[in-house]
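Whatever order the structure lists ligands and atoms in, that order sets their numbers, starting from 1.
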Amino acid sequence: MSAPQSSTPRPSAPAARSHRIETRLVQDGILRSPFGETSEALYLTQGYVYDNSAQAEARFKGEDCGYQYSRFANPTVSMFESRMASLEGAEAARATATGMAAVTVALLGQLKAGDHVVASKAMFGSCRYVIEEFLPRYGIPSTLVDGRDLDQWRRAARPTTKTFFLESPTNPALEVIDIEAVAEIAHQAGATLLVDNVFATPLWQSPLTLGADCVIYSATKHIDGQGRCLGGVVLGSTKFIIDHVHTLIRQTGPSMSPFNAWVLLKGLETLAVRVRGQTDNAAACAVALAEHTKVSRVIYPGRPDHPQAAIVRRQMRGGSTLVAFEIDGGKAAAFRFQDALRLVRISNNLGDAKSLITHPATTTHQRLKQAQLDELGISDGLVRLSVGLEHPDDLIEDLLAALAVV
Ligand SMILES: *Cc1c(COP(=O)(O)O)cnc(C)c1O
């Protein structure tokens, strides 16, 4: 069993890049113990014992391979990191306790007082909070732009701009941003590009190959996909991870629990099957919703009527497990619709095997002012549906029955 060195970059590059994604999701990154277990072992341990004092000294000096303490590294967490790196085509990965820990570490690791951030306005609520409210407290201002407008990215860059941040498709209106074009603008400005790839999933979009310097996930979403554990991961080149992420996680402690890493490893084994099934179901729901007279607008990356359909075709390999749509009649109609659903449950989570729906204006985006909601296309009638693995006909029957009472 090769125990990765804990004080230097861990070997998270895939052993066989030639294998296809489905194979890598099942096989890559396993550190098999001398017991020869089939399934990835759960190393639920805080610390590690040393054979002798000299070994302990050598390990702290980084001269001896092996683990020291699970805030720094843990074999189960290493397996998760290796498999994620292989899946993403990244040289290195570091796991974190939550997706927000991954975003925060990826930003703070690169930034210091006086630096500047450019970010797309349309993003997950907590990401917007970190950039808009939290970073300025440490002397790091930001400019928020309409991510679809490349000129706004260009104009926002300053000599002090260190990083660009975006998510695509965006939450909750599923706008799509041209990652390759924004990466080019970022690099011309001497900045890095960070992409939150949660909505696209690693199956349908690979931001590193489009020019991004760093990709982050909330593993809480499709990677678990069965509603159990929180988790996050930061991926990039070995240099990016060592310079910006490795030490910050070790010393400040947003580390992933080995138990969660183990659950997420098992989640990865079925990621491709689940995301494909959920995407097919979502596409079927989008068709049924688009035909309904009480639905004024359906936004689904993968439909030819999506506003950025050409970019979707260029940068994504599949549609989405999410559908956003607007119900005629505003908040009252949206609430009546959600409350009439029997199979689809009301929850702000997403990516789950169970179908979930939320009304962003009153939940995830409640903090925003009316003008900000308007800018983001979050109307009173907009709902965001995360499509699960139920039979699509049952889901469509549930959606149509609920629309009938609106
Ligand atoms: C959920 C989510 C996050 C935050 O992840 P947590 O695991 O909840 O901390 C960040 N970005 C996007 C797009 C998300 O959906």
Side-chain angles (χ1 to χ4, degrees), residues 77 80 84 88 93-108 117 119-135 144 147 164-177 179 193-205 207 212 214-235 249 253-257 259-261 263-264 267-268 271 275 278 282 299 301 316 320-324 347-352 356-358 360 363-368 376 378 384-388:
V77 178
F80 172 71
M84 279 305 308
E88 199 64 35
R94 285 296 179 276
T96 53
T98 64
M100 282 320 302
V103 171
T104 307
V105 160
L107 286 168
L108 286 183
V117 177
S120 162
K121 280 177 192 153
M123 58 185 148
F124 186 74
S126 297
C127 296
R128 185 155 171 169
Y129 177 85
V130 167
I131 288 172
E132 220 179 6
E133 313 280 339
F134 184 74
L135 293 183
L144 296 188
F164 281 27
F165 181 86
L166 67 84
E167 68 179 46
S168 179
T170 63
N171 178 42
L174 307 179
E175 292 168 357
V176 169
I177 298 174
I179 297 173
L193 173 64
L194 243 67
V195 175
D196 177 339
N197 206 39
V198 170
F199 273 46
T201 82
L203 200 65
W204 297 147
Q205 183 168 275
C214 176
V215 175
I216 71 93
Y217 288 100
S218 164
T220 314
K221 312 296 165 54
H222 303 84
I223 292 170
D224 178 324
Q226 292 160 82
R228 299 161 295 194
C229 289
L230 302 178
V233 60
V234 188
L235 300 117
I249 293 179
S255 319
M256 176 178 277
S257 136
F259 181 81
N260 288 4
V263 172
L264 295 168
L268 282 177
L271 180 77
V275 169
Q278 289 173 243
I299 314 157
M316 297 183 72
S320 175
T321 64
L322 294 123
V323 187
S347 172
N348 48 286
N349 204 1
L350 63 101
D352 202 277
L356 303 172
I357 198 160
T358 193
T363 58
T364 53
H365 290 69
Q366 197 188 113
R367 190 177 67 84
L368 299 187
L376 298 175
I378 305 175
R384 186 199 72 193
L385 173 64
S386 167
V387 182

Between K121 and the options T170, L376, L166, the side chain to side chain contact (heavy atoms under 4.5 Å, CB included) test singles out L376
Can you name the atoms of ligand 1, numbered from 1 with element, that are less than 4.0 Å from a heavy atom of [X]?
X	result
G99	5 (O), 6 (P), 7 (O), 9 (O)
S218	1 (C), 2 (C), 3 (C), 4 (C), 5 (O), 6 (P), 7 (O)
F199	13 (C), 15 (O)

Counting heavy atoms under 4.0 Å, the part of E167 that contacts ligand 1 is side chain
Check whether any side-chain heavy atom of [X] sits under 4.5 Å from a side-chain heavy atom of [Y], and report yes or no.
X	Y	result
S386	N349	no
L268	I223	yes
L193	I179	yes

Identify, for [atom], the protein heavy atom at the shortest distance, and state residue, atom and that distance.
atom	result
atom 1 (C) of ligand 1	K221 NZ, 1.3 Å
atom 13 (C) of ligand 1	D196 OD2, 3.3 Å
atom 9 (O) of ligand 1	M100 N, 2.8 Å
atom 7 (O) of ligand 1	T220 OG1, 2.6 Å

Check: Would you say L230 contacts ligand 1, with heavy atoms under 4.0 Å as the rule?
Finding: no
Test side chain to side chain donor-acceptor pair (under 3.5 Å), reference T321, set Q278, K221, H222, output is H222
Using atom types as modelled and distance alone, determine if a side-chain donor or acceptor of N260 lies under 3.5 Å from a backbone N or O of A97. no
Residues A106 and C214: closest non-hydrogen pair is CB-SG, 4.2 Å
Check: F124 N/O within less than 3.5 Å of ligand 1 N/O:
no
Checklist line | Close N or O approach (V103, ligand 1; < 3.5 Å) | finding: no
Ring pair (Phe, Tyr, Trp, His ring centres under 6.0 Å) filter on F134, not counting sequence neighbours, yields Y138
